[in-house]
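Accompanying notes for the structure given below.
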Amino acid sequence: MSAETPAAAGQFTRRRLQFRAWRGARPFWAGLFVALGGLPIAYFPYANLQIGHLTLAMSTTAGAGSLIIGVLLVVLGVSLWFQKHVRVFAGVAAILLALVSIPVSNLGGFLIGFLFALVGGAMAVSWVPGEPPRAEPPLEGKGTDGAPEGAVPAADDTAFPGYPAPGTQASGPAVPGPRGGMDDGEPSQVFTAPGAHDLSGTSPANGANGRHSAG
């Protein structure tokens, strides 16, 4: 297997998807049927059927009319591919030309071109462009980006116990206080909040404050 095979396969897939998207945005099959219907209508009046040494001419006196009908059907089919906004006019015109081809062009190309043009015209009239996909509303019980409800914390759930909430300040600045130990011969200090060692509110019954207990 050559090294170019994966690249060629990827390019073919990309081209196929591009053609699929192009085909889905217009009445492709309607245009194809209308164009195919014009070929037998224009061909049979000028064709000769060879049976042994016998040549059977199928041309009629309205050969020019058959050619005009066939060419118009091919033009309408191509117009449906590249000018999709004329689909209603092109579909109605294809149906009328298919009906006119019955008496003019050997029963509409022996009914082959008549049926193709009739079906293609009906498909062109009934074709409507597809709507783009709509954004689905969020389902009940789902959080942000499809996550289950409760999996994404709310804005007020980021605070931790014992710490101030984000964007707020503490009740007061921390001040150094005695820790009751020695560090390298120097009294050690720790930062405590103001009022942490204020014993003015201590109950006289527990004896923690000598001033209250003495009084």
Side-chain angles (χ1 to χ4, degrees), residues 1-139 146:
M1 181 179 294
S2 62
E4 298 180 356
T5 302
Q11 185 177 5
F12 172 76
T13 302
R14 184 172 64 254
R15 295 294 183 184
R16 182 176 60 86
L17 294 177
Q18 290 176 354
F19 174 73
R20 183 178 182 180
W22 178 85
R23 183 189 65 188
R26 64 203 70 246
F28 175 80
W29 295 109
L32 181 63
F33 281 12
V34 171
L36 290 179
L39 297 179
I41 291 176
Y43 171 75
F44 284 131
Y46 294 94
N48 294 326
L49 181 61
Q50 193 76 22
I51 303 177
H53 297 285
L54 178 63
T55 301
L56 179 61
M58 294 182 291
S59 61
T60 61
T61 56
S66 301
L67 180 62
I68 292 174
I69 293 174
V71 171
L72 286 177
L73 286 174
V74 173
V75 171
L76 290 174
V78 176
S79 299
L80 287 171
W81 288 348
F82 300 99
Q83 301 292 334
K84 58 183 179 180
H85 59 274
V86 299
R87 61 187 182 275
V88 177
F89 167 77
V92 173
I95 293 174
L96 293 178
L97 290 175
L99 295 174
V100 173
S101 68
I102 293 179
V104 172
S105 178
N106 295 330
L107 296 176
F110 298 108
L111 297 179
I112 299 176
F114 165 75
L115 292 177
F116 271 111
L118 190 66
V119 173
M123 292 173 64
V125 173
S126 61
W127 184 87
V128 291
E131 297 181 358
R134 300 177 179 178
E136 297 182 358
L139 300 178

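Heavy atoms only: backbone and side chains are in, while hydrogens, waters and symmetry mates are out. Bear in mind the structure is a predicted one, so any value in this text is a computation, not a measurement.
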| field | Non-hydrogen atoms of Lys84 and Pro27 that approach each other most closely | value | CB-CD, 3.9 Å
| request: Measure the spacing between CD1 of Ile68 and CG of Leu73 and express it to the nearest 0.5 Å. | output: 12.0 Å
| What's the spacing between Phe28 CZ and Trp22 CH2 if we round to 0.5 Å? | 6.0 Å
| said: Take a 6.0 Å sphere around CZ of Phe19 and say whether it holds more than 12 heavy atoms from other residues, nucleotides or ligands. | reply: yes
| query | If you measure from CZ on Phe44 to CG on Leu39, what distance do you get to the nearest 0.5 Å? | reply | 10.0 Å
| message | If I take atom CH2 from residue Trp29 and atom CG from residue Leu80, how far apart are they, to the nearest 0.5 angstrom? | response | 14.0 Å
| said: Testing the basics here: between Ala42 and Gly70, what is the closest heavy-atom pair and its distance to 0.1 Å? | reply: CB-CA, 3.9 Å
| remark: Looking only at heavy atoms, the pair that brings Val34 and Ala117 closest together is CG2-O, 4.3 Å
| Could you give the distance from CD1 (Ile69) to CD1 (Ile102), rounded to the nearest 0.5 Å? | 10.5 Å
| Got a second to check how far Arg16's CZ is from Arg23's CZ, nearest 0.5 Å? | 9.5 Å
| field | Side chain proximity check, Leu36 to Val74, heavy atoms < 4.5 angstrom | value | no
| request: Would you name the heavy atoms of Ser66 and Ser105 that are closest together and state the gap between them? | output: OG-CB, 3.0 Å
| message | For Phe82 versus Arg26, what's the shortest heavy-atom pair and its separation? | response | CA-NH1, 4.3 Å
| task | Decide yes or no on side chain to side chain contact (heavy atoms under 4.5 Å, CB included) for Leu32 and Trp81, but give the supporting numbers first. | result | CA-CA 9 Å; Leu32 181 63; Trp81 288 348; 4.0 Å; yes
| task | Identify the residue among Val100, Leu99, Ile41 that makes a side-chain contact (heavy atoms from CB on, under 4.5 Å) with Phe114. | result | Leu99
| request: Report yes if the side chains of Pro129 and Arg87 come closer than 4.5 Å at any heavy-atom pair, otherwise no. | output: yes
| request: Give the minimum heavy-atom separation between Ala94 and Gly121, together with the two atoms involved. | output: CB-CA, 4.1 Å
